[in-house]
A.B. asks: 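After the structure tokens below, expect a handful of questions from me.
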Amino acid sequence: GLVENVLDFSRHEQGRKQYEFEATDLAMLVRETTRVMQTCATEREIELTVETAGEPEPVEADGQALQQVLVNLLDNAIKHSPPQSRIEVGVQFNAAHAQFWVQDHGEGIPPEDHKKIFERFYRRGSEMRRKTQGVGLGLAIVKYVTEAHGGSVAVASAAGQGSRFTVTLPLRQPGNL
């Protein structure tokens with residue numbers, strides 16, 4: 001996964017990353033990806049829950065790329081959550097957009113770091129005291145992929161209060177409305 005993130009990030013930066021937009025069942029993608037990540041969560045004694053709101057509609061997207069976004073968000077949430085906690089994953093639909101989110105109850109992110117965490121290679125905290133592995137590309141890739149889909153990613157978090165990452169996507173790509 002780490003090597004794939006590095007290679008994908010390189011393709012993004014060079015403008016060589018191609019997306020294959022097609023009707024994607026986002027609700028199923030969220031359920032299946034969460035199910036696949038359940039093994040990692042179980043190893044850490046973390047419960048994953050999934051909820052769907054609104055009337056599910058196909059999203060014009062590259063499903064594999066969106067799965068990578070969700071895997072990166074879930075991986076971060078699992079790494080930064082204490083044992084015996086819960087991570088909520090959700091997907092919601094309205095007339096023009098779909099959203100999915102990952103909410104953890106970990107240590108949270110101070111407001112001054114909210115913009116920095118989406119920069120490549122940025123990792124919070126001292127290198128010597130860091131408990132989690134990674135190179136700081138996961139959230140940069142989340143941002144690149146989301147924006148390539150005409151969407152946005154937002155974080156709501158405060159130190160000691162967990163984090164909620166929300167990805168908002170248009171149902172249709174510009175030019176196909």
Side-chain angles (χ1 to χ4, degrees), residues 1-19 26 29-30 33-34 36-37 40-41 43-44 46 48-49 59 61-83 85-92 97-170 174:
L2 178 63
V3 171
E4 188 60 35
N5 272 348
V6 170
L7 292 172
D8 260 2
F9 189 82
S10 175
R11 288 184 209 111
H12 285 293
E13 281 198 317
Q14 296 171 6
R16 295 183 313 136
K17 180 69 178 172
Q18 299 292 317
Y19 295 100
L26 187 60
L29 184 138
V30 167
T33 305
T34 303
V36 168
M37 295 297 290
C40 296
E43 288 175 6
R44 299 246 345 198
I46 296 170
L48 297 181
T49 63
V59 175
D62 184 316
Q64 193 170 16
L66 290 185
Q67 186 171 46
Q68 182 182 20
V69 165
L70 187 54
V71 165
N72 281 335
L73 292 176
L74 280 167
D75 184 56
N76 279 350
I78 291 166
K79 283 184 209 174
H80 296 283
S81 292
S85 65
R86 184 177 69 240
I87 296 171
E88 294 96 18
V89 182
V91 60
Q92 179 174 350
H97 294 92
Q99 289 185 322
F100 63 90
W101 65 87
V102 174
Q103 166 91 43
D104 69 51
H105 301 279
E107 69 262 19
I109 304 163
E112 61 270 17
D113 285 343
H114 286 190
K115 292 222 186 300
K116 294 178 196 171
I117 59 173
F118 294 103
E119 295 173 6
R120 64 184 179 159
F121 306 118
Y122 180 78
R123 297 194 64 215
R124 285 188 49 243
S126 161
E127 193 67 42
M128 299 301 283
R129 301 167 121 189
R130 209 170 280 140
K131 297 175 191 167
T132 59
Q133 295 180 334
V135 295
L137 286 178
L139 290 176
I141 288 173
V142 166
K143 184 176 186 226
Y144 269 106
V145 171
T146 301
E147 289 177 352
H149 280 74
S152 61
V153 60
V155 60
S157 184
Q161 297 183 14
S163 302
R164 180 180 175 125
F165 286 86
T166 303
V167 172
T168 303
L169 301 165

A.B. asks: Assess the side chains of E88 and T49: does a donor N or O sit below 3.5 Å from an acceptor N or O?
C.D. replies: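 No - no donor-acceptor pair under 3.5 Å links their side chains.
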
A.B. asks: Please report the interatomic distance CG(L48) to CG(D104), rounded to the nearest 0.5 Å.
C.D. replies: 11.0 Å

A.B. asks: Specify the closest pair of heavy atoms between V102 and A77, including all atoms of both residues, with the distance to one decimal.
C.D. replies: CG1-CB, 3.7 Å

A.B. asks: For L66 and A61, work out which heavy atoms get closest and say how close.
C.D. replies: CD1-CB, 3.5 Å

A.B. asks: Rounded at 0.5 Å granularity, tell me how far NZ in K143 sits from CG in N72.
C.D. replies: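 It comes to 15.0 Å.
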
A.B. asks: When you look at F165 and I109, which way does the side chain to side chain contact (heavy atoms under 4.5 Å, CB included) test go after all the steps?
C.D. replies: CA-CA 11 Å; F165 286 86; I109 304 163; 3.8 Å; yes

A.B. asks: Decide yes or no on side chain to side chain contact (heavy atoms under 4.5 Å, CB included) for L73 and V167, but give the supporting numbers first.
C.D. replies: CA-CA 10 Å; L73 292 176; V167 172; 4.0 Å; yes

A.B. asks: Nearest 0.5 Å, please: how far is CD in Q103 from CZ in R86?
C.D. replies: 9.0 Å

A.B. asks: Calculate, to the nearest 0.5 Å, the distance between atoms NE2 and CD1 belonging to H80 and I87 respectively.
C.D. replies: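 Reported to 0.5 Å precision, the distance equals 10.5 Å.
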
A.B. asks: How many angstroms lie between OG in S157 and CD in E107, if you round to the nearest 0.5 Å?
C.D. replies: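 Answer for the OG-CD pair, S157 versus E107, is 8.5 Å.
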
A.B. asks: Quick one: CD on Q92 to OG1 on T168, what's the gap to the nearest 0.5 Å?
C.D. replies: 9.5 Å

A.B. asks: Which atom names give the shortest non-hydrogen contact between I78 and M37, and what distance separates them?
C.D. replies: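 That closest heavy-atom pairing would be CD1-O, 4.0 Å.
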
A.B. asks: Have T33 and Q67 got a donor and an acceptor in their side chains that come within less than 3.5 Å?
C.D. replies: yes

A.B. asks: What pair of heavy atoms forms the shortest contact from S85 to S81, and how long is it?
C.D. replies: OG-CB, 3.5 Å

A.B. asks: Please name the residue in the list V89, L169, T166 that meets the side chain to side chain contact (heavy atoms under 4.5 Å, CB included) test with F100.
C.D. replies: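 When side chain to side chain contact (heavy atoms under 4.5 Å, CB included) is applied between F100 and each of V89, L169, T166, only L169 qualifies.
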
A.B. asks: Looking only at heavy atoms, which two atoms of D62 and H149 are closest? And how far apart?
C.D. replies: N-NE2, 3.1 Å

A.B. asks: Which atom names give the shortest non-hydrogen contact between L26 and A98, and what distance separates them?
C.D. replies: CD2-CB, 3.7 Å

